[in-house]
Structures are given as structure tokens and as C-alpha cells.
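What follows is a short report on a single structure.
The chains referred to below are lettered A, B, ... by the order of the sequence lines, with proteins before strands, and numbering in each begins at 1.
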Amino acid sequence: MGRIEWAMWANEQALASGLILVTGGTVAVAARFKGWQFAAYAIVAGVFICLLEYPRGKRKKGSTMERCGQKYLTAVVKVFGPVTRNYYVRAILHAALAVPAGFLLSTILGTACLGIASAIYLLAAIRGEEWNPIEQKPQERPQVGGGTIKQPPTMPPPRPPPETRKKQPAEEASQENPIPVTIEVGGVGR
Amino acid sequence: MGNWVVNHWFPAVVIAAWLGLNVFLFVYYFLLFDRDKKFYYTRVLLGSALAWARASAKCLNFNSMLILLPVCRNLLSFLRGTCSCCRRTMRKQLDHNLTFHKLVAYTIALFTAVHIIAHLCNFEWYNDSQQAADGSLSSILSNLHQDEESNKWLNPIHSNSTTPAYVTFTTIPGLTGVIITVALILMVTSSMEFIRRSYFEVFWYTHHLFIIYFAGLVIHGIAGLVRGQTAESLNKHNPEHCAQDPTHWGRKNKHSHCEEPEFGSIPAESWQWVLAPIVLYVFERVLRFWRSQQRVVVTKVVVHPSKVLELQMHKKGFSMEVGQYIFINCPSVSCLEWHPFTLTSAPEEDFFSVHIRAAGDWTENLIDTFQQQKPKTPRIEVDGPFGTASEDVFQYEVAMLVGAGIGVTPFASVLKSIWYKFQHADQCLKTKKIYFYWLCRDTGAFAWFNDLLASLEREMEESGKAGFLNCRLFLTGWDNSIAGQAAFNFDKDTDVVTGLKQKTSFGRPMWSNEFSAVATAHPRSVVGVFLCGPQALAKSLQKCCHQYSSLDPRKVKFYFNKENF
């Protein structure tokens, strides 16, 4: 398993854990179980984790499929710089977030799953992976002539008016024409 | 709409039947647990959460039974073989096995969520009932038979000072429930399409957690914590009548005589549902292992351009049909991984071959291992062959074969087989005409297929059947220099890219033109359309199949078949 990026799987697992925390928390709060305050915390933590994990990071090798509409959250997550880029921080953060939810049965499943996600993030961090945002690529202008034309002509057609054209040969003549050259106005094929 | 029905009626029927069974099971058991007198007192403690939990449990059992069946590929292959008398449409449906497996998996996840939420409520309310000291019906019921040796209690929580979490982790169903749910979640997150396509090994190894899932599922119901009133007790104690006056139970009374109710557990029944599929699956794995132990001799290794490795092999007793695939394991690369590859040789040849393209960790390591040219070739294990849609190609009068990029491999086998059948003048060949479309991005990958097409062209001309096989090649990744060359060499006899007589077209084919041309040329035939390629292409081909099929059974009909791994 040489080139697996563990962070990709950790990301899926953490996202699932966030959803599970929200679900378990909602059940406990709605039915007013004992200790429902932990459930309220779980809902908040779950939402936070979902928002943090929704934007998928860029794979080192190959192209990465974006999740639908993730670019708005990518912009937000990117702002935090090294805090969100580093996977050690994420591993510790998830482990810490998981602990309070472990005190209530409804959210304990979320704790277990988040704990596993944290462990996978730790593995990813040890292997030197980082979260890089998926940038929108600027539209590339299509190359003219398949790249064979190195210096496209700078003067666009149509040519400048005949007055300036007539002047140029007289000033910049680099050779003596043996036969006099006449320039016709309104050339061929126009 | 009519065309969709013609092409898809069988899977629609299967899905409808499966959905119907799920709904029936859920509703039937929900009503049973919600209405039956046996569970009257259980409902006093738990409300309708009991019915939700039990109904979803039944559906979970049903779906857990079904989920192993679509992945028994040897069994499916056997069914395909024995169904050769069956209509073509029935056998085609076995292609959809992985889709069905995923559908059942999502259903299991859904019912698991329902089941867990219901049981969260159950544990909480059992605990509340046990701790309540207000003389209510719930607290009286909870205290019944608690300190006796007999197993007649109703409330599984026997202590006044515990929490639902503690109960969960100290009872068999609670603990097994948590374990199998975590296993299920890990299986689901690692099988997301993105992870599966990019990091197959993570998916493959994590998916073996299903062993824990099934083991836990069978053990889950053993403790019998869900209880109902025993039949014997119901005779002496009618809940509807006696529930009004719980304080007088067991005492002689002028008006009524109600004994204390006694409860018994519902026996565990998951094992009854999943035993047969587990046995079938174990048999399937044993069969795979036994087949893999048979010796495979690698007779020839060829490295083609664009990092494509061809392996020609020989195995005693191996017989294949056109377009089948095998699973390959190379112990020196990885002991436990099996990867599927389509066979590119024809059944008439005395070896079987695969063309492997570098597309991930395992394939790259395999190609490196063979490129190193060690004195002893690495050992290869083979399981298969397994059948997919291409087997049917000779059953259609007219066949349209579409291969995109490396997806041309099954059709390599088909075309070679045609060549051999022609050489032996096989009269029982139903196919009268084959249209072959190869879509490819770059010319490098053409190389190994080129020779085959060139020799086929020659063969067709020599035997005077030049019209049988119509090859259209489409270069989708062209640029100006290639187009320039093609324009320059327009008048030449052979194509500048492939060296074949048939000219290469540039860009993607216009399928509506192709389909209407085929429909016009064969107005009364059944045309099979076979694709091995990306999903987007499958969608457009399927659309064209629907569009150009006529509902009149005597006129032209297009059937779509897709390879999937």
C-alpha cells in the first residue's frame, strides 16, 4: 500500500462521524434523555466537523474530485493556514472533540468513529501529508497554431493605411531593388 | 418510456420485488409489535420505539441475507452457464450484481440508523422506568421478578443506579451492536467511489470487516433482552383488563383475579436468515482458493508501449469463453490482493492472455516485477474465468462493439475469436455483421491492437468477407500536427496513424448518426450494443438504444450491455 493518501479516507470517516454525532445528538435532545447537554454539545461539534471536513483536500498524485459546492468552504478553511493544513492538529482536534460525546450513549458511536478518524489522520500526518486546497484553475487561452508559432504577428490585419506603407520602404530599405516596386492599394483577394 | 421498459423490465421487476418485501416485512412486524397483546406491557415501558426497533431488525436480517449473494461470482457464473436456455435478457441481469450489492448495503445502513435510534430510546426508557419510584405501572412492571432466579423479568435493567451507556457495554446485544455498527461504518466510508477508485487496497482490506459484522449479527440476539408475555401467563393475566389495577396483582380479589405477569424472551433468529448465504459464501471463497492453487505457467511476457504488460499463460483445465475476465494474484507483489482483468485471448488459442495497464500501486509493482526479468518468473495465481456480457456477442445477429481506451480488451478476445471461427468456417455463428468502434486518446496505446486489426483486415479480404467486420477508429486526443499529417496523407491507401486500410476518424463519434445508419441497414434485426468504457459514454449509448429501438418486435431493437468492475 505504498502510495495511499490516508488523509482521504480519514476525511470520509470524519465527515461520517460528524453526521453521526449530529444525528445521535438530535435524538437525545429531542427526546430529552438524561445528560442531554452532552448531546447539545455533540450537535454543535458535529456541525463544526462537517463544515471543516467537507472540502476535500488536493491529492498529491492525480486529479481530485471536488465535492459539490465545496469551493465556498475551501475559501474559509484555507484562511486558517497552518492550523487546517497540518494533520497533526486535526488528529488532536478530533480526539479532543470526541471525548465529551463519549459520556452519553446516543453520541458514543460518534465518539468511536471520530476516534478512528483521528487515528487515521495521525497516520497521515506521520507520513507527511498535508491539506492543500483545490484551487480553481484559471481558464487557459488556447494556443494558436498548436504551439508551432513562437512569435505570432503583433500587427493585426487589416494592414495600416497605404500612406504609412508607402513611407516605410523608402526609410528602411535594406536592399536596392533592381526592378522598381509598386505597391497596389486594395490588394488581391480582399 | 416504452423503450426503457423494453430494455429494463427485468431489473425493474427485481427491484420492485425486493422493495415490496422490505416494505411488507417492516409494516407487518411493526404492526405485530405495536398491536399484539403479548407485548402490551413492553409497550407500556417503551412506547412505539419497540415496534420501530423490531421491524427494522427484521429488515436488517433480510438485507444481510441478501448482501452476500451478489458477490458470489462463481455461483453467478454457474447460474449464467445453466441458464443458456433462458432468454438473453434474464442472463444480462447478472451484470447488475454489484449495483444490487450497493443498493442493499445502503438499505442496511438506513435500517441500522433506524434500529439504533429506536434502541437508544429503549435503553433510556427502560432505565427511567427502573429508576422511577412513583408506583406507576412502569415502575411496578420493572420491579417484577427482578430478584428471583427465574428468567421472567420484563425490564432487562436490574439496577437502580446505572446509565444506559453502562448497560450497553455490559450486555451482549449492546456490545455486539456497537462493534458491528463501527465495522459497518468503516466498510461504508472506505467503499465510497472516490476511495475505491483511487486506493483500491484500502477498500479491499477494510471490506473484510464483514466477517466481524456477520459474527456480531449472529450473536447479537442471543441474550433475549426483548421480552413479551409468555402464552401461559397470558391465559392467567389479560393485560388489557388487568393493567388498570396493578397494585392488586397476585392477590385474590372479588372482581378479578390477575396473577403477576411473566415474561419470556424472543429467541435469536438472525442466524436463520444468514446461515445459508454465509455457507454459500464460504464455499465460494474455498472454491476461489482451490482454483488459485492450481499451477499457472507464464509462457510469454511482452511489454507494450504506454506501460501495458501482456502475460500469456497456461493452466491445466482452464477453459474460457469470449469476453470473460479472471482475477489475478501475484504473491511477490501482494499476498492477499486479487485484481480483475479481462482476457484478451480467444477461446480457440492454446494459451490465455491478459493485457495489464499501469493504473495504481499493484499494477505498477506487477509491471516493475516483470520488467526486471529475474531468472525465475514471479508466480501468478488465477481465479476464474467469470462471465460478463461479452459472452453474448455471438447471440445477436448484429453487434455494435464500443471500446474506450483500455476498454477495448474484451473486444480483442471477440475479434480474435471471430478470426478463428472464420478460419474454421463455423456455420453456427449467428452473428452476421459486427461494427467495432474504438475510441482512444493517444496513438501509443494502439500499438498492441494494431497488429490484430491489420491481420484481421488481411484475413477478411482473403476470405472474401470484407463486409463482415466494420472497424471504426476514433482518435479523441488529436491535435493540429496529427490532423495536419492526416490531411497531407489523405490520398494514401493506408492510414497514417495505424497503417490500416480503414481510415482513422478524429474526435468523438456522433452516435445518433451511427445508430441511425445501423438501424437503416438492418431494419429487422436485434442489435446488441456492447460497451466497455466510462459511465458518460454508457449514458449516451443507452439513450441512443432507447431512441432507435422500435417497440414493434419485428423491427429493429437495440439492447445495451455494459462491462463493469
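- The candidate from B:Thr163, B:Thr206, B:Thr189 with the greatest count of non-hydrogen atom pairs under 4.5 Å with chain A is B:Thr189.
- Using modelled atom types and a 3.5 Å distance limit, the side chains of A:Glu53 and A:His94 yield a donor-acceptor pair.
- Taking the six-membered ring where the residue is Trp, the centroids of B:Phe203 and B:His207 are separated by under 6.0 Å.
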Check step by step if salt bridge (charged side-chain N to carboxylate O under 4.0 Å, His left out) holds for A:Glu12 and A:Arg67.
-> CA-CA 11 Å; A:Glu12 300 280 341; A:Arg67 289 200 181 102; 3.3 Å; yes
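- Among B:Phe169, B:Phe194, B:Trp362, the residue making the largest number of heavy-atom pairs under 4.5 Å with chain A is B:Phe194.
- Judged purely by distance below 3.5 Å, without hydrogens or angles, the side chains of B:Ser64 and B:Tyr213 pair a donor atom with an acceptor atom.
- Within residues 117-126 of chain B, the residues that have a heavy atom under 4.5 Å from a heavy atom of chain A are B:Ile117, B:Leu120, B:Cys121, B:Phe123, B:Glu124, B:Trp125, listed by number.
- Side-chain atoms of A:Ser118 never come within 3.5 Å of backbone atoms of A:Leu114 as a donor-acceptor pair (strictly under, hydrogens ignored).
- Taken to the nearest 0.5 Å, the CD1 atom of B:Ile195 stands 7.5 Å off from the CG atom of A:Asn11.
- The candidate from A:Ile20, A:Leu109, A:Leu105 with the greatest count of non-hydrogen atom pairs under 4.5 Å with chain B is A:Leu105.
- Heavy atoms of B:Tyr166 lying under 4.5 Å from chain A are absent altogether.
- Within the model, atoms CZ of B:Phe30 and CG of B:Leu50 stand 9.5 Å from one another, a figure rounded to the nearest 0.5 Å.
- Contact annotation for A:Ser17: neither backbone nor side-chain heavy atoms come within less than 4.5 Å of a heavy atom of chain B.
- Only the side chain of B:Thr168 has a heavy atom closer than 4.5 Å to any heavy atom of chain A.
- With values rounded to the nearest 0.5 angstrom, A:Thr84 atom OG1 is found 10.5 Å from A:Lys78 atom NZ.
- Residue contact with chain A, scored on non-hydrogen atoms closer than 4.5 Å, involves the side chain of B:Ile116 exclusively.
- A salt bridge between A:Glu129 and A:Lys60 is absent, with no side-chain N of the basic residue lying under 4.0 Å from a carboxylate O of the acidic one.
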